[in-house]
A.B. asks: 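This is the structure, below, for whatever I ask next.
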Amino acid sequence: MTYSQKTGTSIGGSDMKEQMLWLSSVLGGILICVIVYHVTGAISSVCFKVYSKLQSAQKVEWNNRGFSTVHAFIVAVAALHLLLFSDLFKEDLGKGYIVDRRSTYSNTTFGISIGYFLSDLAMILCHYPALGGKEYMLHHGLSLYSIILALLSGQAHMYILMVLFSEITTPFVNLRWYLDVSGEKKSRLYVYNGIALFFGWLGARIILFIFFFRHMYDHFDQVKTIFPLGFYGLLTVPPLLALMNVFWFWKIVKGLIKTLSRSRHQN
């Protein structure tokens, strides 16, 4: 018997108030992206001389990476709180199946994240392929699919939050791009950021995913109770994302080796 059945509610059961919260969270996520996009451009034009020298397409990407960084901080902090510091997913509290647990906080986080991925995907399509190629569209499409299913069904919130926490690596990726277009590839900050990106990616996108799959394996009796579309999605989407993470990690490793070698020769 699932947690939803024990409490007398249907899976994904929600009232109008909760649905309005979903919608407002999605719209809030889109609004955050729009505001941060324009604020990033305004601040950068005053604080960074290199910004005025960028081409139009580079300015668009500069501003776009501004709101992707803000989104990464928001969802990573929310996921960390819900996964480690709240009681929502603690197994010894007798709250029923972990896969059926959700909260207003997790719903709001998912809504904001959906707003971000919709905004970013729209910009990628409008400026294709300047802001990212097919792999970015695949990543965003899979992310939207998984988050929307979790939000509507009220299931697998813990697993989706684990995946969202991996966005914590985004600020390091963005900083590397900012330093690159600013002509700072030979700076110490570029080297330090590369090292931080390596360890951050290793922890949040490799080791965490290993824990993710192990947790699914240990709780597969609960995972099987997820509705069919969500169940098969949970068996296919995370492995695809994990493969993409391994591919990108290999590129990060090669880039770090090249950066460290260049830095050593300069010294």
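Computed from a prediction, not measured in an experiment: that's the story for all the values here.
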A.B. asks: Rounded to the nearest 0.5 Å, what's the gap from CD1 on Ile43 to CZ on Phe48? Could you check?
C.D. replies: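 If I round to the nearest 0.5 Å, the distance is 8.5 Å.
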A.B. asks: Any heavy-atom pair between the side chains of Leu83 and Met158 that's under 4.5 Å?
C.D. replies: yes
A.B. asks: Side chains of Asp120 and Tyr136: does their closest heavy-atom pair fall under 4.5 Å?
C.D. replies: no
A.B. asks: Got a list of side-chain donor-acceptor pairs under 3.5 Å for residues 232-244, not counting sequence neighbours?
C.D. replies:
{"unit_1": "Thr236", "atom_1": "OG1", "unit_2": "Tyr232", "atom_2": "O", "d": "2.8"}
{"unit_1": "Thr236", "atom_1": "OG1", "unit_2": "Gly233", "atom_2": "O", "d": "3.4"}

A.B. asks: Is the shortest heavy-atom distance from the side chain of Trp62 to the side chain of Ser182 under 4.5 Å?
C.D. replies: yes
A.B. asks: So do the side chains of Leu125 and Met137 get within less than 4.5 Å of each other, counting heavy atoms only?
C.D. replies: yes
A.B. asks: Work out which heavy atom in Ala196 is nearest to a heavy atom in Phe172; give both atom names and the distance.
C.D. replies: CB-CE2, 3.8 Å
A.B. asks: With Lys59 as the cation and Tyr51 as the aromatic partner, state whether NZ or CZ is under 6.0 Å from the six-membered ring centre and within 45° of the axis.
C.D. replies: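 Yes, Lys59 and Tyr51 form such a contact.
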A.B. asks: Leu21: which other cluster members, linking ILVMFWY side chains closer than 4.5 Å, directly or transitively?
C.D. replies: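 Direct or chained contacts put Leu21 with none.
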A.B. asks: Would you mind reporting whether Ser103 and Leu82 have side-chain heavy atoms less than 4.5 Å apart?
C.D. replies: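 Result yes, sub-4.5 Å side-chain heavy-atom pair found.
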A.B. asks: Between Val181 and Val50, what is the shortest heavy-atom contact and its length?
C.D. replies: O-CG2, 3.9 Å
A.B. asks: State plainly whether one hydrophobic cluster holds both Leu229 and Leu144, where clusters connect Ile, Leu, Val, Met, Phe, Trp and Tyr through side-chain heavy atoms under 4.5 angstrom apart.
C.D. replies: yes
A.B. asks: Do the ring planes of Phe211 and His215 sit parallel (below 30°), tilted (30 to 60°) or perpendicular (above 60°)?
C.D. replies: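 Aromatic pair Phe211/His215 classed tilted.
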A.B. asks: If we ignore hydrogens and angles and just use 3.5 Å, is the side chain of Thr259 paired with the main-chain N or O of Gly255 as donor and acceptor?
C.D. replies: yes
A.B. asks: So which heavy atom on Thr40 is nearest to which on Gly66, and how close?
C.D. replies: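 Taking every non-hydrogen atom into account, OG1-CA, 3.8 Å.
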A.B. asks: I'd like to know whether OH of Tyr128 has more than 12 heavy-atom contacts from other residues, nucleotides or ligands below 6.0 angstrom.
C.D. replies: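 Count over threshold, so yes.
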A.B. asks: Would you say Ile195 ends up clustered with Trp177 if hydrophobic residues are merged whenever their side chains have heavy atoms under 4.5 Å apart, either directly or through other cluster members?
C.D. replies: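 No, no single cluster joins them.
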A.B. asks: Return the minimal non-hydrogen interatomic distance between Gln222 and Val99, and the atom names on each side.
C.D. replies: O-CG2, 3.5 Å
A.B. asks: Considering all heavy atoms of both residues, which atom of Ser45 and which atom of Ala42 are nearest to each other, and what is their separation?
C.D. replies: OG-O, 2.7 Å
A.B. asks: Are the side chains of Leu161 and Phe165 in contact, using a 4.5 Å heavy-atom criterion?
C.D. replies: no
A.B. asks: Please tell me if the side chains of His71 and Val36 come closer than 4.5 Å, counting only heavy atoms from C-beta onward.
C.D. replies: no
A.B. asks: Please confirm whether the ring centroid of Phe110 lies under 6.0 Å from the ring centroid of His157.
C.D. replies: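 Yes: the rings meet the under 6.0 Å criterion.
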A.B. asks: With no hydrogens and no angle check, do the side chains of Asn245 and Ser166 hold a donor and an acceptor under 3.5 Å apart?
C.D. replies: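 The criterion, which ignores hydrogens and geometry beyond distance, is not satisfied for Ser166 and Asn245.
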A.B. asks: Atom OG of Ser146 and atom CG of Leu151: how far apart are they, to the nearest 0.5 Å?
C.D. replies: 12.5 Å
A.B. asks: Inspect the surroundings of OH in Tyr217 and state if more than 12 heavy atoms from other residues, nucleotides or ligands are less than 6.0 Å away.
C.D. replies: no
A.B. asks: How are the rings of Phe67 and Tyr116 set to each other: parallel, tilted or perpendicular (split at 30° and 60°)?
C.D. replies: perpendicular
A.B. asks: Looking at Ala72 and Thr170, what are the two nearest heavy atoms and their distance?
C.D. replies: CB-CB, 3.8 Å
A.B. asks: Measuring from atom CE of Met216 to atom OH of Tyr159, what distance do you get when rounded to the nearest 0.5 angstrom?
C.D. replies: 6.0 Å
A.B. asks: Rounded to the nearest 0.5 Å, what separation is found between the CD atom of Glu61 and the CE atom of Met123?
C.D. replies: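 Separation between the atoms: 9.5 Å.
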A.B. asks: Would Tyr105 and Leu88 satisfy side chain to side chain contact (heavy atoms under 4.5 Å, CB included), going step by step from the backbone distance to the final call?
C.D. replies: CA-CA 10 Å; Tyr105 195 179; Leu88 184 60; over 6 Å; no
A.B. asks: Below 4.5 Å, heavy atoms only, C-beta onward: do Ser68 and Arg65 meet side chain to side chain?
C.D. replies: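 They are in side-chain contact.
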A.B. asks: Could you tell me whether Glu184 and Arg176 make a salt bridge, using a distance below 4.0 angstrom between a side-chain N and a carboxylate O?
C.D. replies: no
